[in-house]
Amino acid sequence: MTDAEDLVRRARDDNPPGGNRFLGLLEASAVPRERLSWLAGEQWHIVRSDRRSFALFAARFPEPPAGDLFLALAGGEGTALGLLTGFAAALGWTEEDLRAYEPRPLAQAYPAYLAWSALSGTRSGLALAMLANLQEWGAYCGRAANALTARYGLAEEDVAFFRYFAVPPPGFAEQATAVIEQGLAAGEDPREALRAARLLHAYESAFWTALAEGL
């Protein structure tokens, strides 16, 4: 039987961190300020969608530890949404501006796949995908926060959204591993879980690539 920790190692080995052209440009002060509004607008659509997706996962898999983890993730997205409005406000955007923003298709591949997974995916697949990609996503958010304050003059409170995601929630790795174990014990296919990790990683990369389009 496949071990959960072994599955996490395999997922990380199969999806090593890649380059991030957008963040490289951001750190070089080469991203136009209006492009920062793309970042706010895309994330507004992503966070709202992901909150619903995690809540649906919790409804499909309510038993602990899965239900507890997915509800916590949904709650975290709600917190992040409030912080995101602070980032948008620093750019001169209101919530009406965020609602009016037209998202770019490839930037929204990540939440689209997560929404599909919420309907048809497995608990082990989501937990593995989130755990395997967590370190890379957190590092990207930390870099974004540092660049926005150092290069674009934003205050710390303006980048609280990115600081929030830069550090994993306490106990998340243990919770996610337990959910993977729960899913595998229930007969979920480890190959499907590895596929979910691979796809989610690719779709996150597509998000950053879309932000750098034309720069």
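In this chain, residues are counted from 1 in sequence order.
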Inter-residue atom distance L128.CG - R12.CZ, 0.5 Å rounding
9.0 Å
Of all heavy-atom pairs linking A59 and P62, the shortest is O-CD, 3.6 Å
Look at the side-chain heavy atoms of Ile, Leu, Val, Met, Phe, Trp and Tyr, link any pair under 4.5 Å apart, and say whether L199 and Y110 land in one connected group.
yes
CD of Q175 to CG of D68, rounded to nearest 0.5 Å, is 7.0 Å
How about Y140 and W137: are their ring centres within less than 6.0 Å of each other?
no
Pairs touching residues 200-215 that satisfy salt bridge (Lys or Arg N to Asp or Glu O under 4.0 Å), sequence neighbours left out:
none
Is there a side chain to side chain donor-acceptor pair (under 3.5 Å) between S124 and E188? Walk through the geometry before answering.
CA-CA 7 Å; S124 58; E188 293 177 0; 2.6 Å; yes
Quick one: sort the F61 and F57 rings into parallel, tilted or perpendicular, breaks at 30° and 60°.
parallel
Side-chain donor/acceptor of H201 to backbone N/O of A132, under 3.5 Å:
no
Going by the salt bridge (Lys or Arg N to Asp or Glu O under 4.0 Å) test, which pairs reach into residues 49-61, not counting sequence neighbours?
none
Test of understanding: with side-chain contact (heavy atoms from CB on, under 4.5 Å), list the residues that count as partners of A178, not counting sequence neighbours.
P65
OG-CG distance between S117 and L200, expressed to the nearest 0.5 angstrom:
7.0 Å
Looking at every heavy atom in both A193 and L7, which two are closest together, and how far apart are they?
CB-CD2, 4.1 Å
Quick check for you: to the nearest 0.5 Å, what is the distance between R151 atom CZ and L25 atom CG?
12.0 Å
Look at the side chain of S49 and the backbone N and O of H45, then say whether any donor-acceptor pair between them is shorter than 3.5 Å.
no
Rounded to the nearest 0.5 angstrom, the CG-CD distance for L84 and E42 is 11.5 Å
side-chain contact (heavy atoms from CB on, under 4.5 Å) partners of T177, counting only residues at least two apart:
A4, E5, L131, E181
Before you tell me yes or no, could you show the steps for V179 and F70 under side chain to side chain contact (heavy atoms under 4.5 Å, CB included), namely the whole-Å CA-CA distance, both residues' side-chain angles and the distance that decides it to 0.1 Å?
CA-CA 10 Å; V179 173; F70 299 147; 4.2 Å; yes
Just so I know, are the side chains of V31 and L39 near enough to count as touching, which here means a heavy-atom distance under 4.5 Å?
no
Atom CD of E157: over 12 foreign heavy atoms under 6.0 Å:
yes
Determine, using ring centers only, whether F22 and F207 are less than 6.0 Å apart.
no
Hey, are the side chains of F87 and Q43 touching, using non-hydrogen atoms and a 4.5 Å cut-off?
no
ILVMFWY network linking L114 to L106, side-chain heavy atoms under 4.5 angstrom
no
Mind checking side-chain contact (heavy atoms from CB on, under 4.5 Å) for A206 and listing every partner two or more places apart, or none if nothing turns up?
none
With distance as the sole test, does R21 use its side chain to make a donor-acceptor pair with the main-chain N or O of A212 at under 3.5 Å?
yes
Taking the side chain as every heavy atom from C-beta outward, state whether P190 and I180 have any atom pair closer than 4.5 Å.
no
If a pair satisfies salt bridge (Lys or Arg N to Asp or Glu O under 4.0 Å) and one of its residues is in residues 85-95, list it, with sequence neighbours excluded.
E95-R99
Applying a strict under-4.5 Å side-chain criterion to I, L, V, M, F, W and Y, I'd like to know whether L134 and L126 cluster together.
yes
Check R143 against G24 and note the closest heavy-atom contact, atom names and distance.
NH2-N, 3.8 Å
Side chain to side chain, V159 and E156, heavy atoms closer than 4.5 Å
yes
Would a single hydrophobic cluster contain both V167 and L73, if residues Ile, Leu, Val, Met, Phe, Trp and Tyr are joined by side-chain heavy-atom contacts under 4.5 Å?
no
Derivation of the side chain to side chain contact (heavy atoms under 4.5 Å, CB included) call for D158 and L91
CA-CA 9 Å; D158 300 332; L91 304 177; over 6 Å; no
Hydrophobic cluster membership, with links at side-chain heavy-atom distances under 4.5 Å among I/L/V/M/F/W/Y: are L36 and Y101 in one?
yes
For G125 and A196 the tightest heavy-atom approach is O-CB, 3.7 Å
4.5 Å side-chain heavy-atom contact, Y164 and F161:
no
Scanning both residues in full, the closest heavy-atom pair of W208 with L23 reads CZ3-CD2, 4.0 Å
Working for side chain to side chain donor-acceptor pair (under 3.5 Å), residues N146 and R163
CA-CA 9 Å; N146 291 338; R163 296 292 187 206; 2.9 Å; yes
For L69 and F54, what are the C-alpha separation, side-chain angles and deciding distance, and is it a side chain to side chain contact (heavy atoms under 4.5 Å, CB included)?
CA-CA 9 Å; L69 176 63; F54 289 136; over 6 Å; no
Closest heavy-atom contact between G18 and E136?
N-OE2, 3.5 Å
Nearest 0.5 Å, please: how far is CG in L148 from CZ in F162?
5.5 Å
Derivation of the side chain to side chain contact (heavy atoms under 4.5 Å, CB included) call for L81 and R48:
CA-CA 7 Å; L81 191 61; R48 292 175 73 245; 3.7 Å; yes
Do L184 and D3 come close enough that some side-chain heavy atom pair is under 4.5 Å?
no
